[in-house]
Amino acid sequence: MSEIRYDGRVAVVTGAGAGIGREYALELAKRGAKVVVNDLGGARDGSGSGTSAADAVVEEIKNAGGEAVANYDNVATMDGGESIVKTAVDAFGKVDILVNNAGILRDKSFLKMSEAEWDAVIGVHLKGAFCVTQPAVKVMKENNYGRVIFTSSTSGLYGNFGQTNYGAAKLGVVGIMNTLKLEVAKYDIKVNTIAPTAWSRMTEDVIPEAVGKKLQPKFNVPLVLLLCSEECQDSGKTYVMGGGWYGRTAIVSGEGVCLGDAERDIPVEEIRDNFTKIDSLEKTEPLNSGSDIFKYIGPLLA
Ligand code: NAI
């Protein structure tokens, strides 16, 4: 088995002071990457801040013979994102790998959700993905190389009770990926999304201990590291994982049905009478871009 390494590569991992992000940072450094360990510190709901979490991981990496620097900026602001990328450029000259991992939770059922709870979660996960990725991709483009990871969640991909804010943000990053992958393809920048599962501060009170102990953060590391490697040629894909299980998930398009001729009015009753075909997911495929939908609509336009 040929070893996958990151010698000469510079990686930024956000929210790497704890949980899954810490594991990415440690393994990337172990395999030769120079790592920026970003973490704002603070509580699970995003309140507060501190330097100790990132510092401890940097120390761990250095003690093991690796190279790392800490950064304590907030991913949710443009200044923060730019400063995180500047830390990498100042310390190591570039950014090759970005793992957008930082995250918070403010769970509330939809009808009880406050504007502040909505904004805080969208800010860290969705706006944060923009604020860090844009400056990082600027540097990657200069070097004609990059590997970007967005972190989604089953909450966004499929739904979880009490997490409309988090789910919206977590599916939002898939939206960023879908378009960004097209915009950066010619610079050898690959953009993929993962939805991890792990027993961490974020999930310790929702996953029972017996199950949680088996959902160790480390099991999310190898697939993310493959997506961060030079070997990775995939872009625009989403993978779900946990406990040693790994699989792909995708927004797929059904075959649908052409009812009209692009001129004739189509009454609602005709939709009802064809709804089984419209609703069917029997023959589905993921599309590579929005314009691919015209392969279905196309026959009507010819
Ligand atoms: P965690 O709470 O252990 O770690 C998240 C880290 O992000 C913390 O150290 C925190 O200080 C940092 N952080 C929070 N806001 C920040 C900000 N504005 N700027 C910089 N750093 C910030 O959580 P965990 O479980 O390791 O989660 C990592 C990622 O995986 C998150 O994006 C989370 O939403 C996602 N995820 C986790 C799942 C799980 O089962 N643990 C499931 C699905 C997604």
Side-chain angles (χ1 to χ4, degrees), residues 98 100 110 113 118 121-122 125-131 133-134 137-138 140-141 144 146-161 163-195 223 226-227 232-241 246-302:
L98 168 62
N100 286 292
F110 184 66
M113 178 86 57
W118 180 270
V121 168
I122 298 288
H125 293 278
L126 184 59
K127 187 179 170 202
F130 168 68
C131 291
T133 305
Q134 191 192 53
V137 165
K138 279 183 188 165
M140 291 173 179
K141 184 182 161 192
N144 260 296
R147 299 289 181 264
V148 177
I149 305 293
F150 291 116
T151 301
S152 184
S153 162
T154 54
S155 297
L157 296 167
Y158 316 118
N160 275 331
F161 197 97
Q163 296 193 321
T164 49
N165 52 355
Y166 183 70
K170 288 305 207 183
L171 194 56
V173 299
V174 177
I176 302 178
M177 171 189 74
N178 285 339
T179 288
L180 183 60
K181 73 161 193 255
L182 301 171
E183 296 184 8
V184 298
K186 66 178 173 193
Y187 309 113
D188 191 15
I189 301 174
K190 314 292 187 207
V191 191
N192 291 291
T193 299
I194 58 107
L223 177 49
L226 180 67
L227 297 173
C232 172
Q233 294 304 311
D234 291 294
S235 197
K237 294 187 175 174
T238 303
Y239 301 93
V240 184
M241 65 195 87
Y246 307 90
R248 184 176 169 202
T249 197
I251 296 172
V252 294
S253 180
E255 190 181 37
V257 56
C258 277
L259 292 179
D261 57 8
E263 283 184 19
R264 180 177 69 81
D265 289 340
I266 298 171
V268 59
E269 292 78 9
E270 204 173 328
I271 298 294
R272 176 195 60 201
D273 295 346
N274 285 280
F275 200 67
T276 306
K277 284 184 205 157
I278 294 169
D279 196 43
S280 172
L281 288 177
E282 216 165 88
K283 287 188 189 164
T284 60
E285 59 176 344
L287 302 181
N288 189 49
S289 76
S291 51
D292 283 359
I293 205 76
F294 283 97
K295 74 183 255 189
Y296 301 112
I297 302 174
L300 297 178
L301 310 178

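No more than 12 heavy atoms of other residues, nucleotides or ligands lie within 6.0 Å of CD in Glu282, so this atom counts as exposed by the packing criterion. Around atom CD1 of Ile293, more than 12 heavy atoms belonging to other residues, nucleotides or ligands sit under 6.0 Å away. Annotation: Tyr158, atom OH; neighbour count of heavy atoms from other residues, nucleotides and ligands within 6.0 Å is above 12.
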Pair Thr238-Leu157, side chain to side chain contact (heavy atoms under 4.5 Å, CB included): steps then yes or no
CA-CA 10 Å; Thr238 303; Leu157 296 167; 4.2 Å; yes
Practice prompt. Give the intermediate values and the outcome of side chain to side chain contact (heavy atoms under 4.5 Å, CB included) for residues Phe150 and Leu180.
Written response: CA-CA 11 Å; Phe150 291 116; Leu180 183 60; 4.1 Å; yes
Hey, mind stepping through Lys181 and Asn288 against side chain to side chain contact (heavy atoms under 4.5 Å, CB included) and telling me if it holds?
CA-CA 10 Å; Lys181 73 161 193 255; Asn288 189 49; 3.2 Å; yes
Note to self: For Ser253 and Asp292: C-alpha separation, side-chain torsions, deciding distance, then whether side chain to side chain contact (heavy atoms under 4.5 Å, CB included) applies.
What the structure shows: CA-CA 10 Å; Ser253 180; Asp292 283 359; over 6 Å; no
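Ile149 contributes atom CD1, which lies 4.5 Å from atom CG of Leu227 (distance to the nearest 0.5 angstrom). Going from atom CG of Asn165 over to atom NE2 of His125 covers 8.5 Å, rounded to the nearest 0.5 Å. Considering CG of Asn100 and CZ of Phe130, their distance stands at 12.0 Å, rounded to 0.5 Å. To the nearest 0.5 Å, atoms OG1 (Thr164) and CH2 (Trp118) are separated by 5.5 Å. If you take CG on Asp265 and CD on Glu270, they are separated by 10.5 Å, rounding to the nearest 0.5 Å. To the nearest 0.5 Å, atoms CG (Asn178) and OG1 (Thr193) are separated by 7.5 Å.
At least one side-chain heavy atom of Leu287 sits less than 4.5 Å from a side-chain heavy atom of Tyr296. Side chains of Val173 and Thr151 form no contact here, defined as non-hydrogen atoms less than 4.5 Å apart.
In terms of heavy-atom proximity, Val174 sits nearest to Ser152 at CG2-OG, 4.0 Å. Between Arg264 and Leu259, the shortest heavy-atom distance links the atoms NH2-O, 3.0 Å. Here the closest non-hydrogen pair linking Ala169 and Leu126 is O-CD1, 3.9 Å. Of all heavy-atom pairs spanning Asp234 and Lys190, the tightest one is O-CB, 3.4 Å. Closest heavy-atom contact between Val148 and Ile189: CG2-CG2, 4.2 Å. Looking at every heavy atom in both residues, Thr154 comes nearest to Ala195 through N-CB, 4.2 Å.
The pair Arg147-Asp188 meets the salt-bridge criterion, with a side-chain N (NZ, NE, NH1 or NH2) lying under 4.0 Å from an Asp/Glu carboxylate O.
Checked against Val137 for a side chain to side chain contact (heavy atoms under 4.5 Å, CB included), the options Val191, Leu98, Val184 give a single hit: Val184.
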